[in-house]
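Written below as structure tokens is the structure these notes are about.
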Amino acid sequence: MRLTKKNPEEPNFFQDVWEVVKLIPRGRVTNYGAIARYLGTAMSARMVGWAMNAAHAHKHIPAHRVVNRQGLLTGKHHFETPKAMQQRLEKDGVKVKKDQVQDFARVFWDPAKELG
DNA sequence: GGTCTGACCGGCG
DNA sequence: ACGCCGGCCAGAC
């Protein structure tokens, strides 16, 4: 099934992404693919990133808690300043070094696993 | 309306 | 470890 506007019955894809992102606990991070899998669009991880871009303009969403599969802060250039993402993560208690989340495996939060 | 791009991912050589 | 490729799908041009 597709979560697009072609299927009006399905909830809005962006909204789903944002809700999941809001549920990320403080001090934890997740990645685009995990969110995509949780929403049932495993191969559409790119759309999650694209949704994050839209989210940035919309409301206050902890977009800094979403990194790529390696734990790299690939989206930092889309924040107010390139350093904002890392600063917010460190404020959450997540160590970041050279755009790389430290102890990534440990702070990783998988919605499909945590939420069911 | 074809073509390219993207805050990605997994697989393969 | 490294690079390349195909897949996904919404926008921009």
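The chains referred to below are lettered A, B, ... by the order of the sequence lines, with proteins before strands, and numbering in each begins at 1. Predicted model only: the values in this text are computed from it and were never measured. Quick note: numbers below take in every heavy atom, side chains included, and nothing from hydrogens, waters or symmetry partners.
Between the side chain of A:Glu114 and the main chain of A:Ala112, no donor-acceptor pair closer than 3.5 Å is present. Checked by atom type and distance alone, the side chain of A:Asn68 pairs as donor or acceptor with a backbone atom of A:Gln70 at under 3.5 Å.
Per the geometry, CH2 belonging to A:Trp50 stands 11 Å off C1' belonging to C:dA12, to the nearest Å. The separation between A:Tyr32 atom OH and B:dC8 atom P is 6 Å, rounded to whole Å. In this structure, the NE2 atom of A:His56 is 13 Å from the P atom of B:dA7, given to the nearest Å. Rounded to whole Å, the distance from CZ on A:Phe13 to C1' on C:dG11 is 15 Å. Atom CZ of A:Arg46 is separated from atom P of C:dC5 by 14 Å (rounded to the nearest Å). Between A:Asn53 atom CG and C:dA12 atom P the separation is 11 Å, expressed in whole Å. Between the C1' atom of C:dA10 and the CE atom of A:Met47 lies a distance of 6 Å, rounded to the nearest Å. A:Phe14 has its CZ atom 7 Å from the C1' atom of C:dA10, to the nearest Å.
In terms of hydrophobic clustering, with Ile, Leu, Val, Met, Phe, Trp and Tyr side chains grouped at heavy-atom distances under 4.5 Å, A:Met52 and A:Met85 are assigned to different clusters.
Between A:Leu73 and A:Val101, some side-chain heavy-atom pair lies under the 4.5 Å cut-off. When side chains are defined from C-beta on, A:Leu115 counts as touching A:Trp109, because their heavy atoms get closer than 4.5 Å. Between A:Val29 and A:Asp92 the shortest side-chain heavy-atom distance does not fall below 4.5 Å.
Of the residues in residues 93-104 of chain A, not one comes within less than 4.0 Å of DNA chain B through any heavy atom. Remark: A:Ala63, A:Asn68, A:Arg69, A:Thr74, A:Gly75, A:His78, A:Phe79 in residues 63-86 of chain A come within less than 4.0 Å of DNA chain B through at least one heavy atom.
Salt bridge annotation for A:Arg106-A:Asp103: present, with a cationic side-chain nitrogen under 4.0 angstrom from a carboxylate oxygen. With respect to the salt-bridge test (charged N to carboxylate O, under 4.0 angstrom), the residues A:Lys83 and A:Glu90 do not qualify.
The side chain of A:Met52 lies closest to B:dA7 when the candidates are B:dC9, C:dC8, B:dA7.
Contact between A:Val94 and A:Arg28 at its shortest, heavy atoms only, is CG2-N, 4.2 Å.
The CZ atom of A:Phe108 sits 4.5 Å away from the CG atom of A:Asn31 when rounded to the nearest 0.5 Å. With rounding to the nearest 0.5 angstrom, the CZ atom of A:Arg65 is 7.5 Å from the CZ atom of A:Arg26.
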For this session: Convert the base pairs of DNA chain B into dot-bracket notation, remembering that pairs crossing earlier ones are written with [ ] and that bases paired across to another strand are shown as |; include only Watson-Crick or G-U pairs under 3.5 Å.
Result: .|||||.||||||
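Separating the P atom of C:dC8 from that of B:dG1 is a span of 23 Å, rounded to the nearest Å.
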